[in-house]
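Protein chains get the first letters and strands the later ones, always in sequence-line order, with residue 1 at the start of each.
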Protein chains: 2
Amino acid sequence: MTERIDMEAADTAMVESEQDSRRSADSSERAYNTIRQLLVEFKLKPDARLNEVQLSRSLGVSRTPIREALNRLASEGFVSLTPNRGFFVRSLSTEGLIDLYELRSIIECAAFRLMCERAVDADIGRLTAYWASIVDGYQDNPPDEILAKDEGFHLLIAELSGNPELVNQLAAINARIRFIRRIQIERTHDPRQVSSHSEIVAAAVRRDAERGMKLLRDHIEMSVSATQDALKDALLKVYTAPDPAAPARGRRRVKGG
Amino acid sequence: MTERIDMEAADTAMVESEQDSRRSADSSERAYNTIRQLLVEFKLKPDARLNEVQLSRSLGVSRTPIREALNRLASEGFVSLTPNRGFFVRSLSTEGLIDLYELRSIIECAAFRLMCERAVDADIGRLTAYWASIVDGYQDNPPDEILAKDEGFHLLIAELSGNPELVNQLAAINARIRFIRRIQIERTHDPRQVSSHSEIVAAAVRRDAERGMKLLRDHIEMSVSATQDALKDALLKVYTAPDPAAPARGRRRVKGG
DNA sequence: GAACGCAATAGTGTCGACACTTTATTGACG
DNA sequence: CGTCAATAAAGTGTCGACACTATTGCGTTC
């Protein structure tokens with residue numbers, strides 16, 4: 001009996017805070033969302049080989065949309081593709097994550113600087129308004145909410161930079177580090193997150209690029225230093241989480257299923 | 001009678017200076033290279049709708065690898081995908097390009113700074129050696145060579161930053177602005193390009209991050225200012241280039257072969 | 001004569017099947 | 001008993017076909 005994954009459920013559970021010019025018809029898009037969700041939740045484990053047939057059975061579609069989704073996830077860095085061997089879940093290494101955080105810091109600082117140079121008062125008003133609208137009880141939200149709101153905040157800065165490429169880049173990076181950020185948020189309820197956001201807004205109002213960039217660097221650096229610890233939790237989560245779709249290591253062999 | 005595009009030829013003509021974790025078996029990879037080449041050379045024109053069947057006939061493969069290639073090109077920004085309408089060639093707009101140049105400047109400056117902070121002498125040695133090996137008769141190379149060597153230079157800086165994500169990002173950006181850069185290179189044989197590379201190397205040797213970043217910013221800025229003019233040439237090229245694969249606007253209607 | 005709706009055509013999205021490659025299993029040999 | 005080769009199984013890469021959607025062209029109506 002094949003376990004079947006409910007694509008609808010996985011869809012609605014998505015964080016959904018990115019802009020993407022691509023929007024496939026149906027199966028493909030859903031497969032993408034579902035598999036990505038499985039990756040984010042570690043239902044599919046790092047370094048595991050992804051079986052296209054098994055995935056297609058689980059999701060109730062043919063291999064074509066599965067492959068389409070996997071290709072997309074590959075170009076976003078979630079999985080890798082080896083010529084005749086198939087797709088593998090990206091491995092869970094600290095270095096790779098630190099590199100990503102560094103890239104994120106670079107993009108965000110540049111975005112902040114450009115925002116300070118270019119944004120009119122109304123733009124900055126949008127930022128202050130956004131932050132004002134989410135600051136109350138910010139830390140009391142469920143982790144997914146906090147994450148979505150935090151990403152929204154930083155994406156708005158990118159947007160106000162006037163360079164849509166920065167938005168795209170940041171959105172792509174966010175998608176790749178979201179899994180570990182969520183774990184961090186679950187672990188630590190650090191109120192400094194709130195205050196640093198407030199300070200960033202203040203710096204934006206004053207158009208103080210240097211100050212804002214320093215705040216962002218520290219803001220992100222703080223996350224990096226917490227990443228080591230979060231990784232331990234992540235690894236724990238990996239090996240205790242249920243295993244609905246991928247056999248990964250312990251494969252069972254039932255002939256006449 | 002269907003015109004058939006030689007995939008081998010298009011392959012060998014490629015600049016080929018990127019690292020990419022993805023490497024599909026055969027047809028897919030070739031289709032990717034071929035179509036990308038068509039896009040770079042404006043054989044496929046901006047805003048044109050891409051006909052999968054026609055492409056598959058031209059390249060002599062089925063639609064599956066074509067779609068795979070197009071999906072990949074979509075996630076790299078070469079084409080866009082609209083749900084039930086198919087793929088479209090990215091439009092040729094100035095703004096988008098300037099945004100990309102800006103992003104490139106951001107990535108490269110950050111890479112240079114990190115290189116200055118982290119690279120050991122041997123690393124810097126690689127940079128000086130690389131530049132020394134290509135500086136002689138640099139401007140006398142054919143445009144594609146100049147482009148490849150220039151990209152190699154900047155990618156090496158990214159590599160020496162120690163952050164592989166920066167290499168990936170820069171490679172992706174290069175791929176997207178390559179078409180216009182090639183036109184610029186064909187137009188202008190500016191010797192300042194050479195001297196600014198030399199100066200950048202000198203700054204690297206002195207680990208002078210600020211100086212190097214300023215040089216890079218100017219270096220890239222110079223390209224941006226030339227982009228407007230280059231675009232005119234590009235548009236000219238678009239409407240004079242032969243049209244082997246895509247019907248684009250004037251489609252002929254032959255019923256019985 | 002122009003706008004609307006309908007039919008025909010073209011084109012994408014998805015499927016199941018097959019060929020070829022990689023991986024696991026079995027059996028022979030040292 | 002371990003190593004290696006032959007064989008079987010599993011899995012990916014590609015194909016051609018079909019269903020459904022979008023577009024074009026035509027005829028009708030006002």
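To the nearest angstrom, C1' of D:dG11 lies 11 Å from CD of A:Q54. D:dG13 atom C1' lies 14 Å from atom CD1 of B:I66, rounded to whole Å. Rounded to an integer number of Å, the gap from A:E68 CD to D:dG13 P is 14 Å. Here the P atom of nucleotide C:dT14 and the CD atom of A:E29 are 10 Å apart, to the nearest Å. We find that CG of B:L55 is positioned 13 Å from C1' of C:dG11, with the value rounded to whole Å. Here C:dC15 presents its P atom at 14 Å from CZ of A:R57, a figure rounded to the nearest Å. Rounding to whole angstrom units, CG of residue A:L50 and C1' of D:dA10 are separated by 16 Å. Following rounding to the nearest Å, A:F87 (CZ) and D:dA10 (P) show an atom-to-atom distance of 22 Å.
Applying the 4.0 Å criterion to OP1 and OP2 of D:dG13, one finds that A:R67 has a side-chain N or O inside that range.
By the side-chain contact (heavy atoms from CB on, under 4.5 Å) test, A:I185 is found to be paired with A:P143, A:I146, A:L147, residues two or more places apart in sequence or in another chain being considered. B:R126 is linked by a side-chain contact (heavy atoms from CB on, under 4.5 Å) to B:L156, B:E159, B:L160, counting only residues two or more places apart in sequence or in another chain. Every side-chain contact (heavy atoms from CB on, under 4.5 Å) that B:A69 has, sequence neighbours left out, goes to B:A31, B:Y32, B:I35. With sequence neighbours excluded, the residues that form a side-chain hydrogen bond (donor to acceptor under 3.5 Å, both in side chains) with B:R187 are B:D233.
For A:S27, whose side chain is taken as the heavy atoms from C-beta onward, the closest listed nucleotide among D:dT14, C:dT14, D:dG11 is C:dT14. Closest to the side chain of A:L81, from the set D:dG13, C:dC15, C:dT12, is D:dG13. Ranking D:dT14, D:dG11, D:dA22 by closeness to the B:R85 side chain, first place goes to D:dA22.
Without hydrogens or angle criteria, A:R49 side chain to A:R85 main chain gives a donor-acceptor distance under 3.5 Å.
A salt bridge links A:R176 to B:E165: at least one charged side-chain nitrogen sits closer than 4.0 Å to a carboxylate oxygen.
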Check nucleotides 16-21 of chain D for protein N or O atoms closer than 3.5 Å to its own N or O atoms and list the pairs.
none

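For the ring-ring contact (aromatic ring centres under 6.0 Å, His included) condition, no pair includes a residue of residues 49-80 of chain A, sequence neighbours left out.
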